[in-house]
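Keep in mind that this is a model prediction, so the values were computed, not measured.
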Amino acid sequence: QVQLVESGGGLVQPGGSLRLSCAASLSTFSMSAMAWYRQAPGKYREWVALITIGGNTNYADSVKGRFTISRDNAKNTVYLQMNSLKPDDTAVYYCNSVPNSRWGQGTQVTVSS
């Protein structure tokens, strides 16, 4: 059964940076596209960033130019580097394979002064 464990969240001031990690117990990790999603209070979960098997990336307009997704197939881990954070980035962040597997617990990111 797939297990996804997100980490690296926390409280950061506007303009700050965080790096999220997602460890996946997915035997086919290197053959899976991976993505980050987020869910803000009172809102639906939304897609944030995608990285393909070949390493191509795509981003939601709201984070383009500020967030960077990457992967380390040797460690079955996907990362999300978040720079120039804004209060609107406050949410619980999740990773998942594409198509989606079972969701993990996520990691809370709070951007506030």
### Query
Is there a donor-acceptor contact under 3.5 Å from the side chain of Tyr93 to the main chain of Ser7?
no
### Task
For Ala23, check side-chain contact (heavy atoms from CB on, under 4.5 Å) against everything at least two apart and list the hits.
Thr77
### Message
Is it the case that the side chain of Asn76 and the backbone of Leu26 share a donor-acceptor pair, with hydrogens and angles ignored and the cut-off at 3.5 Å?
### Response
yes
### Query
Hey, does Arg66 have a side-chain heavy atom less than 4.5 Å from the side chain of Lys86?
yes
### Query
side chain to side chain contact (heavy atoms under 4.5 Å, CB included) between Ser17 and Gln81: does it pass, once the steps are laid out?
CA-CA 7 Å; Ser17 298; Gln81 177 67 44; 4.0 Å; yes
### Message
According to a hydrophobic-cluster definition based on side-chain heavy atoms being under 4.5 Å apart (Ile, Leu, Val, Met, Phe, Trp, Tyr only), do Ile51 and Tyr59 belong together?
### Response
yes
### Message
Show every salt bridge (charged side-chain N to carboxylate O under 4.0 Å, His left out) that has at least one partner inside residues 31-42, sequence neighbours left out.
### Response
Arg38-Glu46, Arg38-Asp89
### Task
For Ser101 and Asn96, run side chain to side chain contact (heavy atoms under 4.5 Å, CB included): C-alpha distance rounded to whole Å, both residues' side-chain angles, the deciding distance at 0.1 Å, then the answer.
CA-CA 6 Å; Ser101 301; Asn96 211 324; 3.6 Å; yes
### Task
Treat each ILVMFWY residue as a node, draw an edge where side-chain heavy atoms are under 4.5 Å apart, and state whether Ile69 and Leu85 are in one component.
yes
### Message
Taking Leu50 as the starting point, is it possible to reach Tyr94 by hopping between hydrophobic residues whose side chains are less than 4.5 Å apart?
### Response
yes
### Message
Between Thr110 and Thr90 (side chain of the first, backbone of the second, donor and acceptor by atom type, cut-off under 3.5 Å), is there such a pair?
### Response
no
### Message
Using the rule that Ile, Leu, Val, Met, Phe, Trp and Tyr join whenever any side-chain heavy atoms are under 4.5 Å apart, tell me whether Trp47 and Val92 fall into a single cluster.
### Response
yes
### Task
Provide the closest heavy-atom pair for Cys95 versus Val78 in the form atom of the first, atom of the second, distance.
CB-CG1, 4.2 Å
### Query
Which heavy atom of Ala49 sits nearest a heavy atom of Leu80, and at what distance?
CB-CD1, 4.2 Å
### Message
Does atom NZ (Lys64) have a neighbourhood of more than 12 heavy atoms from anything else shown, all under 6.0 Å?
### Response
yes
### cation_pi(Arg71, Phe29) dist<6.0 Å, angle<=45
yes
### Message
Please say yes or no: joined through hydrophobic side-chain contacts below 4.5 Å, possibly via intermediate residues, are Leu4 and Val109 part of one cluster?
### Response
yes
### Which atom of Met34 lies closest to which atom of Ser97, heavy atoms considered
SD-CA, 3.5 Å
### Closest non-hydrogen atom pair, Ser113 against Pro14
N-CD, 3.7 Å
### Centroid separation Phe67 to Trp36 less than 6.0 Å
no
### Query
Does Arg19 count as lying over the ring of Tyr79, i.e. NZ or CZ under 6.0 Å from the six-ring centre, within 45 degrees of the axis?
yes
## Note on the structure
Between Thr107 and Gly8 the two heavy atoms that sit nearest each other are OG1-N, 3.9 Å
